[in-house]
S.K.: 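Quick one: structure below, then a few questions.
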Amino acid sequence: EEEVRLNRALDIGVNDYLIRPVDRNELLARVRTQIRKRRYSEHLRDNVQHTIEMAITDALTGLHNQRWLDETLDRLILRAATDRAPLSLIAVDLVDLAGLTEQYGQEMLDMSVCELAKTLSSSLRPTDLIARHDTGRFVIMLPGANQENTDMVSARIQEIVNSTKVVISDIC
C-alpha cells in the first residue's frame with residue numbers, strides 16, 4: 001500500500017520523498033538537490049524570456065521591432081474590424097539618411113534614430129504603440145483613434161520632432 005501511495009504522489013507532481021526514519025544527511029542532500037533544480041529551472045525560464053524579448057525588440061532603440069509590428073498590427077486590424085472600432089497608423093521617417101550618414105557617419109545616424117525613438121515614445125498616449133519599421137522609419141499605432149485624434153497626434157509629433165535637436169553624445 002505504501003508503494004501505491006508513493007507512486008500516486010509522484011504521478012501528481014511530488015518531486016522527491018523520504019522514507020522514515022529520516023537520515024539527516026540524506027535530507028540535506030535532497031534539499032540541496034531540489035534547490036539546485038529550482039535555480040536551474042528559474043535560470044532557464046529567464047533565458048527563454050530574454051530570448052523572446054530580444055526577438056521582438058530593436059537592439060538600437062529598445063522599441064519593438066518589425067517582427068513584433070507584423071504580428072501586432074495583424075491582431076489590431078482584426079480586432080478593429082471585429083469591434084468596428086477605429087485604428088489609425090502614423091509612419092514617421094527620418095529623411096535623407098544617406099546624406100546624414102555620408103556627412104556625419106553611421107554613429108550620427110544611430111544617435112539620430114535613438115533620439116527620434118525616445119522623442120516619439122515620450123509623446124504618445126499609454127494606449128498607443130510604436131515600433132521601428134526599418135533604419136529610419138517608425139510606425140505608430142493608435143487604437144481607437146478617429147481621424148480628428150490622429151490628425152492632432154500627427155501634428156503634435158511633427159512639431160516635437162521638428163524641434164528636437166540631436167546632441168552628439170551617447171544617447172541610447
S.K.: Can you tell me if Asn162 uses its side chain to pair, donor with acceptor, with the backbone of Gln158 under 3.5 Å?
M.R.: yes
S.K.: Quick one: does any side-chain atom of Thr150 pair with a main-chain N or O of Ser88 as donor and acceptor, under 3.5 Å?
M.R.: no
S.K.: Whether the side chain of Arg20 engages the backbone of Val22 through a donor-acceptor N/O pair (distance < 3.5 Å, no angle test) should be reported.
M.R.: no
S.K.: Determine, step by step, whether Thr72 and Arg75 satisfy the side-chain contact (heavy atoms from CB on, under 4.5 Å) criterion, reporting the C-alpha distance in whole Å, the side-chain angles of both residues, the deciding distance to 0.1 Å, and the verdict.
M.R.: CA-CA 5 Å; Thr72 302; Arg75 283 196 314 269; 3.6 Å; yes
S.K.: Dump the intermediate steps for side-chain contact (heavy atoms from CB on, under 4.5 Å) on Thr57 and Leu63, then the final yes or no.
M.R.: CA-CA 6 Å; Thr57 303; Leu63 296 177; over 6 Å; no
S.K.: Can you establish whether the number of heavy atoms outside Glu42 located under 6.0 Å from its atom CD is more than 12?
M.R.: yes
S.K.: Any donor-acceptor pair under 3.5 Å linking the side chain of Asp74 with the backbone of Glu71?
M.R.: no
S.K.: Sub-3.5 Å donor-acceptor pair from the side chain of Asp83 to the main-chain atoms of Ala85, do we have one?
M.R.: no
S.K.: Please check if the number of heavy atoms outside Arg125 that lie under 6.0 Å from its CZ is greater than 12.
M.R.: yes
S.K.: Does Arg30 make a cation-pi contact with Tyr17 (under 6.0 Å, within 45 degrees of the axis)?
M.R.: yes
S.K.: Under a single-linkage definition using a 4.5 Å side-chain heavy-atom cutoff for Ile, Leu, Val, Met, Phe, Trp and Tyr, are Ile160 and Val153 assigned to the same hydrophobic cluster?
M.R.: no
S.K.: Quick check: are there more than 12 heavy atoms from other residues, nucleotides or ligands sitting under 6.0 Å from CD of Glu159?
M.R.: no
S.K.: Got a donor-acceptor contact below 3.5 angstrom from the Ser123 side chain to the Leu120 backbone?
M.R.: yes
S.K.: Using modelled atom types and a 3.5 Å cut-off, is there a donor and acceptor pairing between side-chain atoms of Asn65 and backbone atoms of Ala55?
M.R.: yes
S.K.: With a sphere of 6.0 Å drawn around CD of Glu3, does it hold more than 12 non-hydrogen atoms of other residues, nucleotides or ligands?
M.R.: no
S.K.: Do Trp68 and Leu129 touch side chain to side chain, with heavy atoms closer than 4.5 Å?
M.R.: yes
